[in-house]
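Chain identifiers are assigned alphabetically (A, B, ...) following the order of the sequence lines, protein sequences preceding nucleic acid strands; residue numbering begins at 1 within each chain.
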Protein chains: 2
Amino acid sequence: MVQSGPSCVYALEQIHGLVNASHLLHLSMNVPDSPFPVTLPMIGQMGSFERPSASLGDPLDLYVHGYVSGRMFQGARTGAVPVCVSVAHLDGLVLSLSAFNSSYNYRSAVLFGHASLVTDAEEKLYALELITDSVVPGRWAQSRQPPTSAELQSTSVLRVKVASGSFKARDGETGEDKHDMENEQARDSIWAGVVPVHQVFGEAVPSSYNRVKETPAYITDYAKELTKDNAEYAVNAIKAAKKE
Amino acid sequence: MVQSGPSCVYALEQIHGLVNASHLLHLSMNVPDSPFPVTLPMIGQMGSFERPSASLGDPLDLYVHGYVSGRMFQGARTGAVPVCVSVAHLDGLVLSLSAFNSSYNYRSAVLFGHASLVTDAEEKLYALELITDSVVPGRWAQSRQPPTSAELQSTSVLRVKVASGSFKARDGETGEDKHDMENEQARDSIWAGVVPVHQVFGEAVPSSYNRVKETPAYITDYAKELTKDNAEYAVNAIKAAKKE
């Protein structure tokens, strides 16, 4: 568990980088009068409104957007709500001789912090640009501007002040117990290896009413690069020295 | 919000089907002496130990496996712990003329229930086979059998008795407000459409010590079919009548 602070730039970079590379994150909070925490899939991005030039190794806030019911926002309106944010990337199915040494190659991060509703108009605009550009970099500037006041009013953004976080990952090939490596029958009959898994951002499909003939390069290039990077990561993870 | 029960077979099928199609799920619970819920990425599968032939439309339990610290299992050992389980599949980046009508195509489900540690030896074996086969169908029978007693003892499985759940999805092309559809400048200059997103299960990489020359068909076929189904879903979702 990493406390945020200047002494752990590397851990912050890992956590923030993974959160920013995640198109979906899972945000959990407790709600009044229910024994269950509630988890919601949301869009989010790390940033600093006070210091927009801050880097991934700096302490940052998490800005999130998604459907949150009035009941859940009640707490965020009146004060800060304790939340946990979780992201996980599946990079490979790790199939060892024994089911018990089988695993996943993956990268995951959690953040713990306090969520509040963003009420300042400038900060909300900053966060909406940040979040929109996390879907496709540059999309905010390329979409219809400026936002209408009705749009700004009807859109809710949460700022999570991060208290702590952690990063966990596994890569490498399969691992085995000694007794399985010495089990000739198992070695001769059971395939051991890794199935790499990655996310593909495919060929953009124009909408029925779209008038722009060619899909802009900022969209197609991003989709191609992201797909290539994902595929390379999953395959390279298998070759990496085992780490879990 | 769907209460589990025989009157909502369709909703149960949707929720259970999505959970079972998710190689990772996010499980949240509260832990003693912390204001924050804790979310963990885990492997899980719906099933019924009492009635293994139960179908996806029947009420089912969720069996999960993953690293859970002793502190977290404390509650599950002594009684049932309220949990929320969340899965989400990103199917497309929905890029409307305005950032505010932009969205994702996605499918998501949450389950609320009570988690307990599985202590019965037969039920644990049932769950471990279920969970192993959720990674690659048939892998349990193809891996080294039987499990050792040390393996069984060191592996923890949670059973979640589901109290309620819900399913949420968006598909279709982009949507717009009337004023944007009438905005000739926006229509002429901004590309509107969807970038389909799907998960690829790639070419299996044998481990350095693997002796089985060909990757077995139950692995390669599964990877190919899953990838094909994922790709088709993401593209077909764009053509579907818009639903959110």
Side-chain angles (χ1 to χ4, degrees), chain A residues 23-24 26 28-30 35-39 41 82 84 86 88 90 93 95 97-100 108 110 112 132 135-136 139-140 142-144 147 151 155 173-174 180 183 186-188 190-202 204-208 210-212 215-216 219 223 238, chain B residues 23-24 26 28-30 35-39 41 82 84 86 88 90 93 95 97-100 108 110 112 132 135-136 139-140 142-144 147 151 155 173-174 180 183 186-188 190-202 204-208 210-212 215-216 219 223 238:
Chain A
H23 275 82
L24 276 176
H26 294 257
S28 300
M29 58 171 89
N30 285 297
F36 304 109
V38 174
T39 310
C84 177
S86 171
L90 176 61
L93 313 177
L95 305 173
L97 299 173
S98 75
F100 295 82
S108 72
V110 287
F112 300 97
T132 303
V135 177
V136 175
R139 181 64 183 179
W140 178 261
Q142 298 296 327
S143 60
R144 188 262 297 143
E151 286 172 339
T155 308
E173 63 169 20
T174 47
D180 281 320
N183 182 334
R187 292 284 301 275
D188 287 341
I190 304 170
W191 185 88
V194 179
V195 178
V197 181
H198 74 277
Q199 214 170 25
V200 164
F201 292 77
V205 178
S207 288
S208 52
N210 169 62
R211 290 185 188 165
V212 177
T215 309
I219 298 173
I238 303 173
Chain B
H23 276 81
L24 276 177
H26 295 257
S28 301
M29 57 172 87
N30 285 297
F36 305 109
V38 174
T39 309
C84 177
S86 172
L90 176 62
L93 313 177
L95 305 173
L97 299 173
S98 75
F100 296 83
S108 71
V110 287
F112 299 97
T132 302
V135 178
V136 175
R139 181 65 183 178
W140 179 261
Q142 298 296 327
S143 59
R144 190 260 298 143
E151 286 172 341
T155 309
E173 62 169 22
T174 47
D180 283 318
N183 181 335
R187 293 285 299 277
D188 288 341
I190 304 170
W191 185 87
V194 179
V195 178
V197 181
H198 74 278
Q199 214 169 25
V200 164
F201 292 76
V205 178
S207 287
S208 51
N210 170 64
R211 290 187 188 164
V212 178
T215 310
I219 298 171
I238 303 172

Problem set entry | Which of A186(B), S208(B), A223(B) touches chain A most, by non-hydrogen pairs under 4.5 Å | S208(B)
Exercise. Looking only at heavy atoms, which two atoms of S86(A) and T39(B) are closest? And how far apart?
Worked result: CB-CG2, 3.5 Å
Exercise. Who among A204(B), P37(B), P82(B) has the most heavy-atom pairs with chain A under 4.5 Å?
Worked result: P37(B)
Problem set entry | Under 4.5 Å from any heavy atom of chain B - which part of T155(A) | side chain
For this session: Name the option with the most non-hydrogen atom pairs under 4.5 Å to chain A; the candidates are V195(B), I219(B), I238(B), V197(B).
Result: V197(B)
Exercise. Highest number of heavy-atom pairs under 4.5 Å with chain B: which of G202(A), A88(A), A192(A)?
Worked result: A192(A)
For this session: Evaluate the criterion side-chain contact (heavy atoms from CB on, under 4.5 Å) for residue pair L90(A) and Q199(B); output intermediate values, then yes/no.
Result: CA-CA 9 Å; L90(A) 176 61; Q199(B) 214 169 25; 4.1 Å; yes
Exercise. Closest heavy-atom contact between N210(B) and W191(A)?
Worked result: OD1-CA, 3.4 Å
For this session: Look up atom CZ in F201(A) and atom NE2 in H198(B), then write down how far apart they are to the nearest 0.5 Å.
Result: 11.0 Å
Problem set entry | Most contacts with chain A, counted as non-hydrogen pairs under 4.5 angstrom, among V135(B), V136(B), T132(B) | V135(B)
Problem set entry | Proximity breakdown for D180(A) and chain B, heavy-atom pairs closer than 4.5 Å | side chain
Problem set entry | Smallest separation among heavy atoms of R187(B) and V212(A), with atom names | O-CG2, 4.2 Å
Seminar exercise, completed: Note: vs chain A, highest number of non-hydrogen pairs under 4.5 angstrom among P35(B), P216(B), P147(B), S143(B) is S143(B)
Exercise. Are a donor atom and an acceptor atom from the side chains of S28(B) and S28(A) found within less than 3.5 Å of each other?
Worked result: yes
Seminar exercise, completed: Per-residue tally against chain A (heavy atom, under 4.5 Å) across Q142(B), H26(B), H23(B) peaks at H26(B)
Exercise. Would you say the side chain of L93(B) lies within less than 4.5 Å of the side chain of R139(A), judging by non-hydrogen atoms?
Worked result: no
